[in-house]
Amino acid sequence: MKKYLTRKIIIYLITFFIAASLDWAIPRLMPGNPVSLIVSRFAQASSGSASQASLVTKQMFDYFMQAFQLNIPWWEQYALFWRNIFTGNLGISMYLYPEPVINIILSAVPYDILFLLPSILLSFWVGNRIGAWAARSKKADNILLPTFYILTSVPYFWLGILLVWIFGTLLRVLPMSGAFSYSMTPSFTFAFIFDYLKHWILPFLSLFIVSLGGWAIGMRNMIIYELESNYSRYMGSLGASQRLIRKYSYRNAILPQVTGLALQLGTIVAGAITTEIVFSYPGIGYILFEGIMNKDYPLIQGCFLFIIVGVLLANFVIDILYMFIDPRVRIAYTEG
Amino acid sequence: MKKIVLMTAVVLLVASVAMALTLPRNETLYFGGSMWGPLTNFNPLNPNHGWGVDLVYPTLFMYNPLTNQMVPYLAESGNWVNSTTYDVKLRKDAQWTDGQPVTAQDVKYTFELPLTVSQLVPVIGLKSVNIINDYEVQFVFSQPNYPNFYGALYGSYIVPEHIWSKMATSDIFSYANLTNPVGCGPYKFLTYNPQEIVLERNDNWFGNNFIGKPAPKYVAELAVSSNNVALGLLLQGQLDISNFYLPGIESLIKPYNLVAWNDKPPYMLSSNTALLFLNNSVAPLNDPQFRKALAYAIGPTSDLTQRVYAGQVPNYVDPLGLLPIESWMQFEDKSVVSQYGYTYDPAKAAQILDQLGYKKGPDGWRTMPNGQPIKLSIICPYGWTDWMAAERIVAEDLQKIGLNVTADFPDYSTYWNNFTSGNYTMAINNFGSGISMTPYTYFYWLFGYPIQQYMYNGNFERYNNPTVVDLLNKISSIPLDNTKELQPLYSQIEKAFLQDMPVIPLWYNGMWYLANQSVWTNFPNANNPYAFPSTWTNNGVTTASLYLYTGIKPVK
């Protein structure tokens with residue numbers, strides 16, 4: 001057990017180091033200077049204003065170069081990056097200047113988690129159940145498999161627009177945009193929570209329905225494979241009931257699905273950009289996208305740092321979970 | 001234990017009921033079109049501030065482009081004492097929302113701040129701002145740059161000295177100003193969240209007496225990330241005013257009883273001019289004759305706007321790109337335009353190119369006179385869908401006269417990088433062509449900036465003509481109303497423009513404006529033009545849109 005954990009932790013630390021270094025390097029490898037983009041917005045802001053109050057000056061350019069520490073050698077920037085990680089300082093966003101990156105993430109990510117987490121977990125659970133069921137009923141399979149394929153290949157945003165059109169425009173039963181009514185301010189009241197839930201249904205459904213298909217297909221194929229495997233046949237020949245065989249095959253089939261789940265959960269911090277745009281839903285996905293388009297180094301780094309930590313943590317948890325759900329792993333490390 | 005839980009629950013419930021704010025629909029004006037992400041900056045001294053600053057902080061004057069008038073706002077009056085001193089009398093009843101009076105001290109502080117804060121841009125030629133008494137200041141110049149100073153009079157927000165002076169100089173420019181900003185405009189900063197920013201009426205506003213009381217108790221600007229959402233909100237009446245560009249809206253104006261500026265095409269007022277920038281420093285675009293040929297191929301009237309904007313904007317553009325507003329058009333020299341102007345005439349364009357020796361090569365494309373191939377590309381940012389459509393049409397126009405032109409769409413950052421560094425052949429842009437009090441702002445943006453490695457502010461086409469720069473300098477030292485002296489100078493610039501064609505005007509961008517009348521009514525339009533219909537920030541004239549808030553009426 002201890003050996004298993006130490007090995008895993010060392011691997012994770014190395015992975016984190018490499019991933020974080022790439023996180024630092026990749027934005028900087030994009031062509032162009034982010035500060036010139038900041039000043040482009042100042043130039044834009046000057047349109048029509050004869051005051052030239054927003055004239056881009058050399059001082060302004062230098063000011064931003066210094067404020068974002070882009071005027072020092074790259075190795076110093078890199079060292080600073082690591083120091084900032086350990087002191088918990090993610091810096092100030094360039095695109096959403098002068099807001100600290102950590103505030104942006106903290107104010108946007110909750111909206112994502114609240115609709116991504118339920119949709120991922122529920123679609124995982126329901127998808128696996130339906131997939132397992134489809135695997136053992138030929139008739140159901142004939143109808144369900146094509147349905148799953150259609151569902152999983154439907155783009156999120158297309159389904160989102162369709163849902164908005166049906167429930168928002170035609171039936172007018174559900175709101176078509178936002179995470180809550182524009183007349184509300186977030187507060188811990190029944191009225192607000194009810195309002196929030198009403199806004200939550202459509203974005204949730206658009207993600208839930210689409211990811212459902214993927215899980216179901218995966219599960220169906222895995223179950224069929226497991227049912228055909230030697231241990232199932234052996235159990236069958238020993239006279240075990242179909243129910244028992246299916247129970248065992250389900251346990252085996254769920255393993256790769258769990259890994260997929262971990263990866264999805266880890267990237268929750270990246271948000272769901274298409275859903276956010278279609279529903280004008282506040283979240284980190286759209287902000288991150290704009291950050292990338294604007295070469296916002298601190299924002300990109302900050303978001304991806306959370307994604308890296310998220311993926312690593314999720315994998316770590318799954319690794320530990322594996323010891324409980326997969327006896328082979330447990331035995332390999334405790335006896336090996 | 002149970003008791004504690006119960007108590008906490010009760011306290012939470014009571015507290016939450018007390019804190020919850022729900023905006024009553026019939027007292028709230030919702031609009032959108034200038035906020036694309038969460039609000040992060042409400043600093044009036046930072047030009048890149050978020051929406052709403054103009055409703056919270058005052059300017060000395062407002063400029064109304066519809067009437068071409070400077071309207072006193074925080075100032076009661078202003079006049080030139082002599083050629084270098086401008087005297088401003090302030091209104092005596094203006095109060096900051098913390099109860100302090102707005103005084104000459106605040107004005108002096110604001111205008112002298114650029115002397116200590118290097119990121120702020122000072123008023124050109126301003127020596128000092130002298131306090132005469134609590135409500136009177138004098139701006140003393142070494143030599144005023146009139147367009148610049150008048151722009152500052154209606155474009156610079158006054159901040160309360162008693163608050164901002166307590167801040168460290170180095171923090172002033174980077175201050176986000178999101179906690180209880182103290183202003184004195186018709187609205188107070190109320191709250192913001194990732195979806196919107198909400199302002200509440202300031203019942204103590206000094207403008208109540210001479211502008212009127214704003215009708216909506218609350219105004220909320222929505223951050224909407226896509227046009228289809230904006231369209232849905234507008235049609236359902238959740239959005240009262242849309243300043244979004246909504247493609248295809250023209251067919252929905254009548255069925256949904258929406259208010260547009262004009263009730264027939266072109267539906268929108270013009271807000272700025274989009275131009276084709278030709279990089280004057282690369283061959284063959286360094287040849288004025290070649291550029292003139294391109295102008296004939298594109299033309300001031302073509303089916304471009306009809307194909308892209310379908311009646312939302314005018315189907316022509318001025319040959320000089322001057323906006324159809326009095327302040328600019330009064331200086332257009334019709335004789336210069338008729339003598340040196342151009343029309344949509346592809347045959348003539350081809351003929352000019354033939355004469356110049358840009359003959360067609362074996363592959364059907366024209367080559368340089370020495371036989372070298374010509375390869376041109378137009379760029380605009382990817383995702384700016386209307387511009388992309390327009391760019392394709394311009395490229396087709398140029399292909400028709402035998403030029404190998406491609407329409408390219410780099411992402412915005414690459415576009416901007418190439419555009420400012422001169423690493424392009426042709427590009428579409430409109431950043432400095434917005435409405436103003438004088439065409440000087442437009443011509444200066446186009447031709448005034450000296451050529452450097454990076455051009456951030458203007459002259460992106462790198463047009464090198466010292467005579468024009470000289471003329472611009474002369475214009476800047478003449479009062480704006482001295483048309484007699486100004487006209488010959490403008491005529492010369494216009495002549496140089498049309499002879500050299502460093503840039504080609506393409507179309508008028510719309511002042512996108514639509515209103516839904518289900519909650520509010522009496523919106524301004526061409527028949528009732530009491531306000532400029534913009535809620536955009538940084539428009540330079542948004543303060544003149546104040547009348548919008550006092551002019552609309554609730555539907556009972």
Side-chain angles (χ1 to χ4, degrees), chain A residues 30-33 36-37 39-57 59-61 63 67 93 96-99 104 107-108 111 161 164 168-169 176-180 182-189 191-192 276-280 282 286-287 290 293-295, chain B residues 12 16-17 19-23 25 28 30 37-38 40-41 47-48 118-119 121 147-148 150-152 155-156 173-174 176 191 193-196 220 222 224-226 228-229 232-233 238 272 411-414 416-417 420 431-438 440-441 454 456-457 538-541:
Chain A
M30 298 196 288
N33 182 339
S36 86
L37 276 177
V39 299
S40 94
R41 285 208 301 280
F42 284 84
Q44 237 175 316
S46 77
S47 182
S49 157
S51 70
Q52 289 154 11
S54 37
L55 198 70
V56 179
T57 56
Q59 285 102 312
M60 197 185 276
F61 191 88
Y63 170 79
S93 167
L96 293 172
Y97 183 82
E99 185 83 349
I104 295 172
S107 68
Y111 292 105
I161 292 174
V164 165
T169 312
M176 47 190 278
S177 72
F180 46 86
Y182 295 111
S183 62
M184 297 246 179
T185 46
S187 58
F188 198 67
T189 58
F192 178 79
E276 285 170 26
I277 290 179
V278 167
F279 294 97
S280 201
Y286 180 68
I287 295 175
E290 285 293 318
M293 295 309 282
N294 286 281
K295 302 192 200 303
Chain B
L12 267 179
S16 62
V17 169
M19 287 188 313
L21 169 81
T22 309
L23 306 174
R25 185 64 186 94
T28 313
Y30 288 101
T40 54
N41 187 342
N48 203 26
S118 64
Q119 297 90 39
V121 181
N148 177 264
Y150 276 74
S156 296
F173 183 73
S174 58
T191 181
N193 61 54
Q195 293 189 162
E196 65 195 317
L222 309 184
V224 178
S225 49
S226 69
N228 61 327
V229 172
L233 291 174
Q238 295 187 56
N272 58 64
D411 69 88
Y412 178 70
S413 56
T414 314
W416 180 251
N417 197 52
T420 51
F431 289 0
S433 59
I435 287 180
S436 73
M437 228 184 136
T438 152
Y440 169 86
T441 59
Y454 291 99
Y456 288 123
N457 297 300
N538 294 325
N539 201 300
V541 290

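Just so it is clear, the model here is predicted, and its values are computed rather than measured. A, B, ... follow the sequence lines: proteins, then strands. Residue 1 opens every chain.
When Ser107(A), Ala179(A), Ala108(A) are compared by the number of non-hydrogen pairs under 4.5 Å with chain B, Ala179(A) comes out ahead. Contact count against chain A (heavy-atom pairs under 4.5 Å) is highest for Leu222(B) among Thr191(B), Leu222(B), Asp411(B), Val224(B). Per-residue heavy-atom pair counts under 4.5 Å with chain B were compared for Met184(A), Met30(A), Met176(A), and the maximum is reached by Met176(A).
Within the 4.5 angstrom heavy-atom criterion, no atom of Tyr454(B) approaches chain A. Both the backbone and the side chain of Ile277(A) come within contact range of chain B, each with at least one heavy atom under 4.5 Å from a heavy atom of that chain. With a 4.5 Å cut-off on non-hydrogen atoms, Thr28(B) does not touch chain A at all. Only the side chain of Tyr111(A) comes within less than 4.5 Å of a heavy atom in chain B; its backbone stays farther off. Looking at Ser413(B), both its backbone and its side chain come within 4.5 Å of chain A, counting heavy atoms on both sides. Using a 4.5 Å cut-off between heavy atoms, Ile104(A) makes no contact with chain B at all. With a 4.5 Å cut-off on non-hydrogen atoms, Val164(A) does not touch chain B at all.
Going from atom CD1 of Ile287(A) over to atom OG of Ser93(A) covers 9.0 Å, rounded to the nearest 0.5 Å. Ser436(B) OG to Tyr150(B) OH: the interatomic distance, rounded to the nearest 0.5 Å, is 14.0 Å.
Listed by chain and number, the residues in a side-chain contact (heavy atoms from CB on, under 4.5 Å) with Ala176(B) are Pro98(A), Leu178(B) (sequence neighbours excluded). Applying the side-chain contact (heavy atoms from CB on, under 4.5 Å) criterion to Asn193(B), with sequence neighbours excluded, gives Phe180(A), Thr185(A), Pro186(A), Gln195(B), Glu196(B).
Residues Asn41(B) and Asn48(B) share a closest heavy-atom pair of ND2-O, 4.1 Å.
Using cut-offs of 30° and 60° for the angle between ring planes, the Phe173(B) and Tyr63(A) rings count as perpendicular.
Asn417(B) places a side-chain heavy atom less than 4.5 Å from the side chain of Ser36(A).
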